[in-house]
Amino acid sequence: MSIDGYLGSAMPQRLALSNDADFDRVDAVRAACDAILVGAATVRKDNPRLLVRTLARRDERVARGLAPSPIKVTVTGRAQLDACANFFAADDTEKLVYCASAALPTARDRFGPVATVVDGGQPVDMQRMCEDLFARGVGRLMVEGGGMVHTQFLTADLADELHLVVAPFFVGDSRARRFVGDGRFPWHPDRRATLAEVRQIDDVVLLRYALSARFRMD
Ligand SMILES: NC(=O)c1ccc[n+]([C@@H]2O[C@H](COP(=O)([O-])OP(=O)(O)OC[C@H]3O[C@@H](n4cnc5c(N)ncnc54)[C@H](OP(=O)(O)O)[C@@H]3O)[C@@H](O)[C@H]2O)c1
């Protein structure tokens, strides 16, 4: 996020906040996960590929008997996603779309040929989704945004660990998305989160918070 807590700009284009060294760190975290989740708005706006970028990391996963990149996961209420988006590319990764019950027929029609569409409830219930992912073999899920998804994971106390990276500039436009929206978070003045690590990565800073007993320093 920016110094003032924004995840991007209010413009239609993606705004890169991290630097190369931090993008490489994110790549290593991706490679260590079983699945990566982004919200449908992030699929629409950023069109991310959500793949492990480094060949050595992909090879290392394959040597461990895994797919080169983790499973891609998204969540949607309206199923208004482009089936040609990078998320759905034919890239040897499994794709899961957790869709609100009301839009299931549309979602199956649109994404059935390129992804597995799962009924997530009305709206999609993040805890139920996590339990379904676990049943599909996902032990470690990386949530890469955006703000609406962050808010639900954090307010529902579903995250074990938070990686907050602060880029050295301001966005200064309240039409942009903040890191989280309004909500009742389990961490507040009377219950402070545990700061586990602070790391400078060139011109950005990584703050790692331990949010549950399952947090492991690695
Ligand atoms: N800086 C970063 O690291 C980073 C990372 C990711 C994203 N971003 C930025 O974040 C912004 C997007 O964030 P955002 O908060 O607008 O959106 P988001 O969290 O990416 O996605 C929100 C969408 O996900 C679906 N959704 C979320 N919760 C749902 C639920 N419980 N049930 C059903 N559907 C649900 C809905 O999709 P439908 O609208 O399809 O119904 C909703 O509109 C973009 O500007 C992007 O560039 C930044």
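First listed ligand is number 1; within each ligand, the first listed atom is number 1. Along the sequence shown, residues are numbered consecutively beginning with 1. If you're wondering where the values come from, they're calculated on a predicted model, not measured in any experiment.
A chain of hydrophobic side-chain contacts below 4.5 Å, direct or via other Ile, Leu, Val, Met, Phe, Trp or Tyr residues, connects V124 to V138.
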Would you give me the side-chain donor-acceptor pairs under 3.5 Å for residues 34-41, sequence neighbours excluded?
{"from": "D34", "atom 1": "OD2", "to": "G139", "atom 2": "N", "distance (Å)": "2.9"}
{"from": "D34", "atom 1": "OD2", "to": "R140", "atom 2": "N", "distance (Å)": "2.9"}

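Side-chain polar atoms of H163 and E161 form a donor-acceptor pair below 3.5 angstrom.
Aromatic pair F179/Y6: ring centres not closer than 6.0 Å.
Under the salt bridge (charged side-chain N to carboxylate O under 4.0 Å, His left out) criterion, R49 pairs with no residue at all, not counting sequence neighbours.
Through ILVMFWY side-chain contacts below 4.5 Å, L51 is grouped with nothing and stands alone.
Among protein residues, L7, L17, G39, A40, A41, T42, R44, K45, D46, V75, T76, G77, R78, P123, V124, M126, E144, G145, G146, G147, M148, V149, Q152, R177 come within 4.0 Å of ligand 1, judged on heavy atoms.
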